[in-house]
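So the structure is just underneath, and the comments pick up after that.
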Amino acid sequence: MSRVLSIKDMHKTYAGGVHAVRGVSFDVKEGESVAIIGSSGSGKSTVLRCINRLIEPTEGEVRLRGDLINTPNTDINDVRSRIGMVFQSFELFAHLRVIDNVTLGLRYVKGMSKKEAEREALEVLEKVDMLDRKDAFPGNLSGGQKQRVAIARALAMKPEVMLFDEPTSALDPELIGSVLKTIRGLADDGMTMVVVTHEISFARDVADRVIYMDQGIIAETGASSIIESPKTERLKRFLSSITEDD
Amino acid sequence: MVETTGPEKNYGSQFGISKLCAVIILAIFVISLPASAQEYRSGWDIVEGGTSSDLFSVQAQDDEIWAFGENGTIIMSTDGGLNWQNYESSISSNLSISDSGFGAFIAAGTDGTVIIKSDSTSPWREISVEVGDGFISGISLTGNSTAVAVGNNGNIWTYDVQTWSNISVGEGDLLDVSFLDSDKGIAVGELGTILFSDDGGGSWDYRDAPTEASNSRIIDVEFFSDIRAYAITDNGEVLKSSRELTTAVGFLWNMQYFESEGGSSNLGVELTSIEIATTNKFLLSGADGYLSMSKDGGNIVNRQIIPVGNSTSFNDIAMIDGFNGVAVGSSGSLLLTERSGEDEQIGFEVMDFSEFGNFVDYSKGMLIDGLFATMNIVIFGIFLGFFLGISLSMMKTSPTTLKEIAQKRSPALIRIFGIVFLVIGIVLLRHLMPIFENLGLDGWEYIYAPIGIINPDGITGDLQFENFLFLILGVSLSLLGMLLISGDGTYKKSTYALGGREINWNPWGVRPLNFIATIYTDIFRNTPLIVQFLFIHFGVQIGALIGDPGAEMLEGSNGLITSFLRDDILSNRACVSAIFALGLNSGAYQCETIRGAISAIPSGQMEAGRSIGLNYMQTMRLIIMPQAIRICIPPMGNEMVNLVLNSSLAMVIGYSELTRKAKLINAVTFQVFWSYGMVLISYFIVTWTLALFLRYLENKTRIPGLGISGGN
Ligand SMILES: Nc1ncnc2c1ncn2[C@@H]1O[C@H](COP(=O)(O)OP(=O)(O)OP(=O)(O)O)[C@@H](O)[C@H]1O
Ligand SMILES: [Mg+2]
């Protein structure tokens with residue numbers, strides 16, 4: 001299988017001097033779903049945001065289908081339109097109706113006509129089961145619905161890989177299920193994805209591979225079975241702390 | 001009343017109340033009509049000149065007034081025109097033209113007879129010129145014993161050192177000449193000829209008459225001052241030349257259009273002469289008893305009542321000062337005025353301003369005019385301000401730093417840019433050096449240098465805004481150039497130890513667009529608006545700079561909006577200045593308001609926009625701005641109310657908006673409390689309506705989840 005994403009020796013030092021990511025390397029293959037887990041502050045979001053360059057990695061290489069994308073000459077807007085991103089806090093455009101949230105990128109990045117874009121948008125909204133609320137304003141949706149619209153917005157661009165940054169952390173427990181179900185559906189359809197999550201059960205059941213990050217490095221990685229039988233002491237401690245929380 | 005209501009009772013049952021009401025309303029209407037028409041009497045008085053010969057020309061200077069006429073008639077007055085005596089001369093020609101100045105008087109006849117009186121003590125002396133078959137038709141002094149005369153076939157004669165010399169400048173007949181001083185003079189003639197000399201008449205250049213007058217006979221010209229000259233044609237047109245910005249008077253000539261003639265440039269009378277009372281007021285004389293005066297800077301010319309019959313032909317007017325003057329005409333007619341010839345109102349029922357109702361009747365029209373004038377500058381000011389505010393706020397929030405710009409290019413290229421910038425910067429600064437040195441400034445006085453370099457030659461010189469631009473560009477390009485040359489490819493901040501403390505110096509973090517916008521907002525927010533008004537109107541003269549070319553561009557278009565723009569906005573220089581002062585100032589404040597709203601939009605929105613592939617500007621336009629604008633409607637409302645209130649400052653540049661109207665009303669009625677009180681109410685109504693509208697707009701554009709109700 002071909003590599004969609006390939007990250008090599010990524011470092012990120014923030015302006016304040018925090019060395020949040022210290023040499024992270026991993027590949028994501030076509031159709032693979034990778035879960036990144038780890039305690040708060042371990043650098044998971046930083047890695048994800050470095051991939052589509054919402055922040056600039058200080059060092060290292062990010063390749064999308066083999067092309068280096070963290071150079072000053074990269075057409076970053078094109079790259080971003082090929083990488084879908086879903087945020088913890090949804091970040092829907094509050095002034096636009098659900099359907100317009102989804103068509104925005106299609107019309108202004110892909111240059112589709114309004115009609116064309118709407119047809120595509122209805123398709124993805126159907127997929128995330130939000131068709132009936134297509135004319136609502138985001139402010140009138142529940143958290144779970146918002147997140148599914150956000151997923152639809154990213155999906156509409158037909159990305160080659162989807163990045164999820166804790167898509168369920170801001171949701172009430174009873175709303176988490178619908179979002180996870182949507183993501184699981186995508187994974188089953190063969191969408192390539194990287195999911196940062198605190199939902200250990202989700203990582204175990206859905207992910208092909210799990211990456212455990214601690215203090216800016218990958219402390220352990222392997223098939224999702226490592227959650228059942230962690231090799232390192234650190235992951236073991238992390239998993240038990242999480243189950244205690246639950 | 002009794003008669004009207006009487007028969008009505010017959011229909012009472014049918015028409016009853018409604019008819020009664022109609023009658024009452026009609027009665028009130030009739031009663032409220034002005035009691036009587038206003039009556040006027042002439043502003044001219046007849047004086048006895050002691051001659052029945054036709055008088056052709058008159059001159060006033062210091063305490064002397066001389067009038068010249070048929071067969072060498074000369075009469076003079078030394079008491080402001082009340083009493084006249086005959087001056088016995090040996091001249092028998094008709095003295096049809098004359099001039100005064102430099103303490104001297106001069107008069108001439110078409111046959112070449114010329115007499116001169118060099119000062120108040122010397123006698124008249126004959127200095128006639130040989131004109132052969134030709135004639136002279138205009139004469140002007142260029143000193144107390146030098147003169148220039150013009151005549152047939154483009155002939156110009158100059159009198160100097162007791163002798164006449166003659167040149168010819170063309171074919172057509174010249175009809176009049178007028179010198180402002182011993183150098184600058186204007187000559188006019190047939191076929192719209194206008195000539196200009198600035199060497200005392202030695203050489204002449206052609207100037208263009210306005211197209212409407214290109215075939216007219218220009219018969220009289222008055223070079224009044226450094227800022228104004230007028231000329232007339234015999235078929236009733238007035239031409240005007242003003243100093244335009246830095247173009248001297250006499251270069252550009254325009255037709256004077258008359259509102260009193262429905263916007264035409266033709267008065268429809270045969271004119272004989274023009275006399276200028278003040279820069280913006282002239283008097284005209286003509287055949288068939290025509291005497292008129294201008295109002296409103298020449299826009300209105302009204303024929304004035306004369307105390308003699310219309311068979312008198314008036315030939316010339318001489319003003320002693322702005323108000324007192326003499327007019328001369330056929331059969332020895334001599335009229336004197338103390339009020340620049342303006343009709344005097346008599347038998348006029350003076351309004352009783354001690355009654356509020358009367359006062360409101362009198363002033364409401366003016367206040368409503370003022371309100372419209374205010375609305376004009378407010379609406380255009382808001383648009384200009386909003387446009388500037390949006391642009392500046394986007395510039396201010398633009399995140400692109402020099403570092404990011406530099407990183408996209410190779411270090412070598414950046415160095416080359418640095419060298420180019422430094423060279424350009426130094427060249428610009430070197431260009432300014434001599435200008436700086438010529439300013440004659442010392443030490444701290446250099447803080448005024450930016451003003452000095454824009455206008456190094458004062459009121460007579462050009463405004464050289466490019467110098468200011470060069471200064472800014474020179475300094476910033478030099479600094480930028482040095483920075484780029486010093487760049488090492490990493491573009492990191494530098495840290496220095498100063499007195500044991502660590503100083504961070506990060507020029508690479510400078511955001512260029514933000515920098516420019518900050519200079520703009522700082523200038524406008526740190527200077528008083530009233531001074532901005534004065535500077536923009538009188539200093540920069542933006543009305544002439546932008547309004548006039550704008551009006552010219554729209555010349556000839558008849559659209560409702562374009563003709564409104566042309567006639568009511570662009571042609572009114574004070575209006576254009578007021579719009580710019582308000583708009584530029586408001587732009588600086590609106591920028592801060594919008595910027596505040598932009599930063600209130602969570603940073604995740606920008607990231608979300610960028611993450612689907614929109615570029616920075618698209619994200620701003622499609623996502624950030626639409627939300628920011630909604631958030632800042634309430635503070636923008638304040639900004640707009642402020643703009644309405646600030647518009648009252650436009651009175652200092654003579655724009656007739658609401659507040660200035662109140663001042664004018666006071667000048668007539670002295671009802672200070674009432675007039676300013678009514679203005680307060682007018683402003684309140686406007687701003688309050690505006691506030692209501694904005695509240696409506698806020699509700700209309702409210703979106704769930706945005707604004708007061710919190711984030712999403
Ligand atoms: N913009 C920033 N500036 C400076 N430091 C930052 C910034 N963003 C994150 N950090 C720091 O970088 C480290 C890694 O942060 P990151 O957000 O990647 O962690 P995370 O693994 O996503 O944590 P969480 O599970 O809480 O989301 C943390 O120590 C954080 O304080
Ligand atoms: Mg995170």
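Chain letters run A, B, ... following the sequence lines, proteins first, then strands; residues in each count from 1.
The stretch residues 40-52 of chain A places A/Arg49, A/Asn52 near chain B, each with some heavy atom under 4.5 Å from a heavy atom of that chain.
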Determine all donor-acceptor pairs shorter than 3.5 Å in which one atom belongs to a side chain in residues 415-422 of chain B; sequence neighbours excluded.
{"unit_1": "B/Arg415", "atom_1": "NE", "unit_2": "B/Ile485", "atom_2": "O", "d": "3.1"}
{"unit_1": "B/Arg415", "atom_1": "NE", "unit_2": "B/Gly487", "atom_2": "O", "d": "3.3"}
{"unit_1": "B/Arg415", "atom_1": "NH2", "unit_2": "B/Gly487", "atom_2": "O", "d": "2.7"}

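Your options are B/Gln618, B/Arg610, B/Glu404, B/Gln407, and the one with the most heavy-atom pairs under 4.5 Å with chain A is B/Arg610. Counting heavy-atom pairs under 4.5 Å between each of A/Asp78, A/Ile76, A/Val109, A/Leu141 and chain B puts A/Val109 at the top.
With a 4.5 angstrom heavy-atom cutoff, A/Ile83 touches chain B only via backbone atoms. Looking at A/Tyr108, both its backbone and its side chain come within 4.5 Å of chain B, counting heavy atoms on both sides.
Salt bridge annotation for B/Arg702-B/Glu698: present, with a cationic side-chain nitrogen under 4.0 angstrom from a carboxylate oxygen. Ion pair A/Glu118/A/Lys115 not flagged as a salt bridge, since none of the NZ, NE, NH1 or NH2 atoms sits closer than 4.0 Å to an Asp/Glu carboxylate oxygen.
Under the rule for a side-chain contact (heavy atoms from CB on, under 4.5 Å), the partners of B/Thr687 that lie at least two apart in sequence or sit in another chain are B/Val641, B/Val644, B/Leu645. When the ring pair (Phe, Tyr, Trp, His ring centres under 6.0 Å) test is applied to A/Phe137, no partner is found at least two apart in sequence or on another chain.
Under a 3.5 Å cut-off, the side chain of A/Arg80 and the backbone N or O of A/Arg53 do form a donor-acceptor pair. Judged by distance alone, the side chain of B/Gln627 and the main-chain N or O of B/Ile623 form a donor-acceptor pair under 3.5 Å. Using a distance-only test at 3.5 Å, with no hydrogens or angles considered, no donor-acceptor pair links the side chain of A/Glu32 to the main chain of A/Ala207.
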